[in-house]
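Written below as structure tokens is the structure these notes are about.
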Number of protein chains: 2
Amino acid sequence: MSIGCNDEPGMCLSLTDLFARIGDKWTLKVVDALVHRPIRYNEIHQAVAGISQRMLTRTLKGLEQDGLINRTMYLTIPPRVEYELTELGQQLIVALQSLYDWALVHQQAMSAARANVARTAQDEKLPPGHD
Amino acid sequence: MSIGCNDEPGMCLSLTDLFARIGDKWTLKVVDALVHRPIRYNEIHQAVAGISQRMLTRTLKGLEQDGLINRTMYLTIPPRVEYELTELGQQLIVALQSLYDWALVHQQAMSAARANVARTAQDEKLPPGHD
DNA sequence: CTGTATCCGTGCTGATACTG
DNA sequence: CAGTATCAGCACGGATACAG
């Protein structure tokens, strides 16, 4: 059982590198916006709350570079650009599912642990034996 | 098929939040160092190439807060502190496995796509039709 | 509509020095 | 050995203005 992030150089590039690529602030959300069907630039912009044009364009470019999405441009007036997941992109979604499932089940445990630590830290700050 | 990052607020917190927690520069590598057995601070420091004391301590604290690892301190001289994965942490490793498998299979495709794009970009910069 | 270009603040990170 | 404290650099991301 290992995820091989400190083994040989070749192994390290896999998970760590994948996270470096899709683990940023927006990529996952943008990908999620494309899950169901091809979708236009502005639609993504609306679907992904809070993203700026700059970041949306950057994220889409990155995903396109990695072969996870396709960009299709229609030279109409006004112009129209659609983005869709490639086969590779769809398979990534599938691979992410198990992690998603884990997160659904265990995020509560993580939050609880975090809250517990926070509470303990609070206690430490109280004057000892002030009863 | 969805990873629910733009759905209701409750869903969005799962995968995105998980990535926010373990998707940073070091967490995965530190976790990987703990996979096999309890391990001491300095051992991790050596196992995870390039990490600074500051980042190692921070990362360990974060993992401990999330309930993914346990810290055990032995008040010997010199002091000795061991870190180990909790049940939760070990289950996370399992969940990461499928993503790891995917990465192993497809990172080549992603790299290829990236290289292809880079080459295309090069072509665009060349003077057209100069034989 | 679909981007690009620029500026700028913030936060992450590494380096270094210090402590129990 | 196992951290903590402080500072400085830089990359990331946001806001805004502009372009095809």
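Note that the coordinates shown come from a computational prediction; the quantities given were computed from them, not determined experimentally. All chains are named by letter (A, B, ...) in the order of the sequence lines, taking the proteins before the strands, and each is independently numbered beginning at 1. All heavy atoms count here, side chains included; hydrogens, waters and symmetry mates do not.
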Want to settle it: does A:Pro78 or A:Thr57 sit nearer the 5' end of DNA chain C, counting the closest nucleotide to each? A:Pro78

Can B:His45 and B:Gln53 be counted as having a side-chain donor-acceptor contact under 3.5 angstrom? no

Taking all non-hydrogen atoms of both residues, which atom of A:Ala49 and which atom of A:Trp26 are closest, and how far apart? O-CZ3, 3.6 Å

Which whole-number value in Å describes the distance from B:Met55 CE to C:dT16 P? 15 Å

Could you tell me the separation between the CG atom of A:Leu60 and the C1' atom of C:dC1, rounded to a whole number of Å? 14 Å

For the residue pair B:Thr27 and B:Asp24, confirm or rule out a side-chain donor-acceptor distance under 3.5 Å. yes

Hey, does B:Leu15 have a side-chain heavy atom less than 4.5 Å from the side chain of A:Asp32? no

Roughly how many Å is it from CG in A:Asp24 to C1' in C:dG11, rounded to a whole number? 16 Å

With DNA chain D as reference, determine whether A:Pro79 or A:Ile51 sits nearer its 5' end, using the nearest nucleotide of each. A:Ile51

Mind checking which nucleotides bracket the chain B contacts on DNA chain D, 5' to 3', with an atom under 4.0 Å from a heavy atom? D:dC1 to D:dT6

Can you check the B:Arg54 CZ to C:dT19 P distance for me, whole Å? 19 Å

Whole-Å distance between C:dT13 C1' and B:Lys61 NZ? 17 Å

Can you tell me the distance, in whole Å, between the CD atom of A:Glu82 and the P atom of C:dC1? 14 Å

Geometric class of the B:Phe19/A:Phe19 ring pair [parallel <30°, tilted 30-60°, perpendicular >60°]: parallel

Taking for each residue the nucleotide of DNA chain C bearing the nearest heavy atom, is the 5' side occupied by B:Gln53 or by B:Arg58? B:Arg58

Distance, rounded to the nearest Å, where A:Tyr74 contributes OH and C:dG3 contributes C1': 18 Å

Is it possible for you to say whether B:Ile77 and B:Tyr74 belong to one hydrophobic cluster, with membership spreading through side-chain heavy-atom contacts below 4.5 Å? no

